[in-house]
Amino acid sequence: MNPQSELPCPYLLFTSRQDENLCCTIRQDQIVPGFIVGETWRFRGVIAEPGQAPQDLNLKAAQASAAVSGYHLFVALRS
């Protein structure tokens, strides 16, 4: 599987309310981590295919991180 051409499952996308550049993706089949719950993070949508991902999201890194922890944190430097 080429991780840039397909996703194993959709990802939920969140951004920090304190810093919009701080982002978190969570595999849709995983439990949302406790640090996301509450007013600190804002839900931004679902990434169902690579073309929907923010430019600064490295899908290969997101998949590797999510395989271990269920989520992936990254910084979006481009709007």
[atom2] on [Y] to [atom1] on [X], rounded to 0.5 Å:
X: F74; Y: N58; atom1: CZ; atom2: CG; answer: 10.0 Å
X: Q28; Y: C9; atom1: CD; atom2: SG; answer: 7.0 Å
X: T15; Y: N21; atom1: OG1; atom2: CG; answer: 9.5 Å

What pairs of residues pass the salt bridge (charged side-chain N to carboxylate O under 4.0 Å, His left out) test when at least one of them lies in residues 63-77, not counting sequence neighbours?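 Counting only pairs at least two positions apart or across chains, no salt bridge (charged side-chain N to carboxylate O under 4.0 Å, His left out) contact touches residues 63-77.
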
Side chain [X], main chain [Y], donor-acceptor under 3.5 Å:
X: Q30; Y: I26; answer: no
X: S69; Y: S65; answer: yes
X: Q63; Y: K60; answer: no

Where do [X] and [Y] come nearest, in terms of heavy atoms and distance?
X: A48; Y: P10; answer: CA-CB, 4.2 Å
X: L57; Y: H72; answer: CD1-CD2, 3.7 Å
X: L59; Y: A53; answer: CD2-CB, 4.2 Å

Could you walk me through whether L13 and V46 pass the side-chain contact (heavy atoms from CB on, under 4.5 Å) test, one step at a time? CA-CA 6 Å; L13 176 64; V46 176; over 6 Å; no

Exercise answer: donor-acceptor pairs, residues 34-42 side-chain atoms, under 3.5 Å, sequence neighbours excluded:
| from | atom 1 | to | atom 2 | distance (Å) |
| --- | --- | --- | --- | --- |
| W41 | NE1 | F35 | O | 3.4 |
| R42 | NH1 | E20 | OE2 | 2.6 |

Are L22 and F43 linked, directly or through intermediate hydrophobic residues, by side-chain heavy-atom contacts shorter than 4.5 Å (ILVMFWY only)?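 Same cluster.
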
